[in-house]
Amino acid sequence: MRVTRNYRDGMVNFKKTSKNSQMSLLQSALSRNSSSSRANRLASLLGNSKTTGTNSLGNRNFVTSSAKSQKFYFDMQYHANQVGEYADALKSTEKDSIYDKARESGNTDQIVSNVKSFVNQYNSMLEDLEESGTKSDALILTQLSGMSRTAERDLALTGITRKSDGTLVVDEKKLEAADVDTLEKVWGGKGFSTKAAAKAGTVAATAERNFEAEKSSTYSPFDRTNLFGSGSSRSSGSYFNYRR
């Protein structure tokens, strides 16, 4: 039987195509097995057999949340410490205090500057306590609000007004016009600023503990517990204070 050239060529091409197709399928299977094997070995080394995009997203969220929490507590500690420092500068009524120096020079600029700075940091600390939302911080916020309400009349003598939310507002002209004796009476000794500073000390200590706790739980790529788990934390508030 005579086989035509076209038929013969068709049979040869069919065999080649079939062979190539089989080789392609075999190579694809080997490739999949190889990729799967590598993935399984990696998961085994890391202590988990499954990795997903969702977990990866959870890790990123954990890192971001933890960083924000650290910034919040860092800022909170900073504001509270600043309240204490300015209060210390204002409370001294001993010899060579800022009040004595103001009497000698006839200039109250240093006192005025410290009062304004105290008010600024005090208000920032109140914002932190409000944002925190914990029961202990809410209690301190209430106590500070009561202190400022009690001292409201004295504060007004130096141009400081208390708002309904407990924050303070400075009337610079009235503050600058206040005499040294009035400034010393309101801001020196054991007045409002000293009492507020005592509470600020508690705020700073708590914020420092929370900061260290957040820092110790920060995501690490070498921590297996963080590789596949998604963490959550407060998302309030970097280490540089934008309200200073």
Side-chain angles (χ1 to χ4, degrees), residues 42-43 45-48 50-89 116-148 162-169 192-244:
L42 177 59
L45 287 172
L46 295 177
N48 196 306
K50 295 182 181 180
T51 58
T52 65
T54 302
N55 285 334
S56 178
L57 177 61
N59 290 337
R60 290 197 295 274
N61 289 339
F62 176 82
V63 174
T64 301
S65 180
S66 182
K68 287 182 178 180
S69 296
Q70 289 179 59
K71 171 179 168 42
F72 173 78
Y73 291 123
F74 180 87
D75 287 352
M76 192 177 197
Q77 181 185 8
Y78 174 84
H79 295 142
N81 283 334
Q82 288 292 290
V83 168
E85 288 183 17
Y86 286 114
D88 285 343
K116 289 166 64 176
S117 295
F118 171 89
V119 170
N120 181 53
Q121 298 300 327
Y122 177 82
N123 286 341
S124 292
M125 183 177 70
L126 293 190
E127 291 176 17
D128 293 335
L129 291 169
E130 179 69 29
E131 187 177 347
S132 170
T134 65
K135 290 183 179 180
S136 58
D137 287 341
L139 176 60
I140 292 177
L141 188 62
T142 300
Q143 292 170 338
L144 288 169
S145 181
M147 290 178 186
S148 62
R162 180 185 180 280
K163 295 174 66 175
S164 59
D165 62 358
T167 57
L168 305 177
V169 179
F192 167 73
S193 59
T194 300
K195 294 177 181 178
K199 292 297 179 183
T202 300
V203 173
T206 301
E208 181 179 13
R209 287 195 299 270
N210 288 335
F211 174 81
E212 292 299 330
E214 285 291 336
K215 187 169 66 172
S216 67
S217 65
T218 299
Y219 168 81
S220 168
F222 301 104
D223 186 348
R224 293 185 180 182
T225 61
N226 290 328
L227 280 170
F228 301 100
S230 58
S232 62
S233 180
R234 140 193 300 283
S235 57
S236 305
S238 169
Y239 294 66
F240 302 100
N241 193 318
Y242 55 89
R243 291 183 299 195
R244 293 180 195 171

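We use all heavy atoms of the structure for the numbers below, so side chains are in, but hydrogens, waters and symmetry mates are not. Quantities reported herein were computed from a predicted structural model and do not represent experimental measurements.
Leu139 CG to Lys199 NZ: the interatomic distance, rounded to the nearest 0.5 Å, is 7.0 Å. Residue Ser148 holds its OG atom at 12.5 Å from NZ of Lys163, rounded to the nearest 0.5 Å. With rounding to the nearest 0.5 Å, the separation of CG in Asp137 from OG1 in Thr142 is 10.5 Å. Here the CD-CD distance, from Gln70 to Glu212, works out to 9.0 Å after rounding to the nearest 0.5 Å. The distance from atom NZ of Lys195 to atom CD of Gln143, rounded to the nearest 0.5 Å, is 12.5 Å. Rounding to the nearest 0.5 Å gives a distance of 8.0 Å between CG of Asp165 and CG of Asn123.
Here the closest non-hydrogen pair linking Leu126 and Gly166 is CD1-O, 3.5 Å. Counting all heavy atoms, side chain and backbone alike, Ala87 lies closest to Ser193 at CB-O, 3.4 Å. Between Ala200 and Val83 the shortest heavy-atom distance is CB-CG1, 3.9 Å. Here the closest non-hydrogen pair linking Gln77 and Ala207 is N-CB, 3.7 Å.
Using a 4.5 Å heavy-atom cutoff, the side chains of Asn210 and Met76 are not in contact. Leu144 places a side-chain heavy atom less than 4.5 Å from the side chain of Tyr122. In this structure, the side chains of Lys71 and Asp75 come closer than 4.5 Å at one or more pairs of heavy atoms.
Using a 30° and 60° split on the angle between ring planes, Phe74 and Phe211 fall in the tilted class, from 30° to 60°.
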- Message: The test is side chain to side chain contact (heavy atoms under 4.5 Å, CB included); show your working for Tyr78 and Gln121 and say whether it passes.
- Response: CA-CA 9 Å; Tyr78 174 84; Gln121 298 300 327; 3.9 Å; yes

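Counting non-hydrogen atoms of other residues, nucleotides and ligands closer than 6.0 Å to CD of Glu130 gives a total of 12 or fewer.
Put simply, the side chain of Ser145 never gets that close to the backbone of Leu141: no donor and acceptor are under 3.5 Å apart. For the pair Ser216 (side chain) and Ala213 (backbone), a donor-acceptor distance under 3.5 Å is present. Listed for the Ser132 side chain is no donor-acceptor partner under 3.5 Å among the backbone atoms of Asp128.
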